[in-house]
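If you're wondering where the values come from, they're calculated on a predicted model, not measured in any experiment. Values below: all heavy atoms of this structure, side chains included; hydrogens, waters and symmetry mates excluded. Every chain is numbered from 1, with letters handed out A, B, ... down the list of sequences.
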Amino acid sequence: SSMNEEFLKKWQMGLQIFSPSIDNTSVSERKRAIKLSADVAMASLRKGTTCWSRALIQKTATEDNFLVRQMLSGIKEEPLINKKLPKVMCHRKIVRRSKKILMRRKSRSAMEEVAAKKLVKKKTQGLRNVVPGGEFMSSNVLLIQETLDYIISLQTQVNVMKSIVDAAEAGIER
Amino acid sequence: MSNRRSRQSSNATRISDDQMIDLVSKLRQFLPEIRERRRSDKVSASKVLQETCNYIRKLHREVDNLSDRLSLLLDSVDEDSQEAAVIRNLLM
């Protein structure tokens, strides 16, 4: 698929940027470069159109600014490195007030509904913790959309990396 | 039953049933346990969200593991060997 090919190309580019120093680096530094360039490659496939990809690029830039700049130079995503994502204000007073109103009704089904809501909220918070930029996704609809796109991108990343590693290991065993 | 309420309220913390059903149908391809259930409306929202979380974490672990293996591969080959050439052709 073209998504796999594009990811591979960008990932290769990232590794090429790193390769001159590959002899002098430790295994853990190499792993870091492999992983960071894979993440930037994955995020850049989205060309800045999703929240998770912008957040991931920013996060990777804080870990290795040079690598990210090199990988994105000449592409539209470069300005994204410095772009600030808006932080969402949580209107605690409003949330507290609506909770009070809800709790006044003592019927069992209402209590169950409140419990169910709490559980969903807890689980969506869990999702926000694993999706990059989750903390900036104010609506649950956005969170779900971003999650689906993020999963597809992760699968691409895993599939391509797996093919490469399997091929390399097979080539070496011969 | 709760559909009318979810459509009227703009409360940001609530996922409507329609959106949940849509999410479940899309996640079905990814999550084998949910795929086995015939009726999508019976799957609870929290279960889907939990499974999604678990799946994403699993993918993260896979990427980490693959990065480990690759960095070890690069480490274990002699610079001038044929193996090094194999890797270089694949990656660089």
Seminar exercise, completed: Rounded to the nearest 0.5 Å, the CD atom of Glu62(B) sits from the CG atom of Asn159(A) at a distance of 8.5 Å

Problem set entry | Nearest-0.5 Å distance that lies between atom CG in Leu72(B) and atom CD in Glu169(A) | 9.0 Å

Exercise. Would you say Ile164(A) and Leu66(B) make side-chain contact, with heavy atoms under 4.5 Å?
Worked result: no

Exercise. Is there a side-chain contact between Thr52(B) and Leu148(A), using heavy atoms and a 4.5 Å cut-off?
Worked result: no

Exercise. Linking I/L/V/M/F/W/Y whenever any side-chain heavy atoms sit under 4.5 Å apart, do Ile144(A) and Leu119(A) land together?
Worked result: no

Problem set entry | Spacing of CZ belonging to Arg30(A) relative to CG belonging to Asp68(B), to within rounding of 0.5 Å | 13.0 Å

Problem set entry | Option passing side chain to side chain contact (heavy atoms under 4.5 Å, CB included) with Ser71(B) (candidates Glu29(A), Lys31(A), Arg32(A), Lys35(A)) | Lys31(A)

Exercise. Leu49(B) and Thr124(A): which non-hydrogen atoms are nearest, and at how many Å?
Worked result: CD1-CG2, 3.6 Å

Exercise. Taking C-beta and beyond as the side chain, do Met161(A) and Ser67(B) meet within less than 4.5 Å on heavy atoms?
Worked result: yes

Exercise. Hey, any chance Leu73(B) and Leu8(A) share a hydrophobic cluster, counting ILVMFWY side chains that come within less than 4.5 Å of each other, even indirectly?
Worked result: yes

For this session: Could you pull out the closest heavy-atom pair between Val130(A) and Cys53(B), with the gap in Å?
Result: CG2-SG, 4.0 Å

For this session: Could you check if a side-chain atom of Leu154(A) sits within less than 4.5 angstrom of a side-chain atom of His60(B), using non-hydrogen atoms only?
Result: yes

For this session: Nearest 0.5 Å please: distance from the CD1 atom of Ile151(A) over to the CG atom of Leu59(B).
Result: 7.0 Å

Exercise. Between Asp166(A) and Arg69(B), is there a side-chain N and carboxylate O pair less than 4.0 Å apart?
Worked result: yes

Exercise. Which answer fits Asp64(B), side chain, backbone, both or neither, if we ask what part of it has an atom under 4.5 Å from a heavy atom of chain A?
Worked result: both

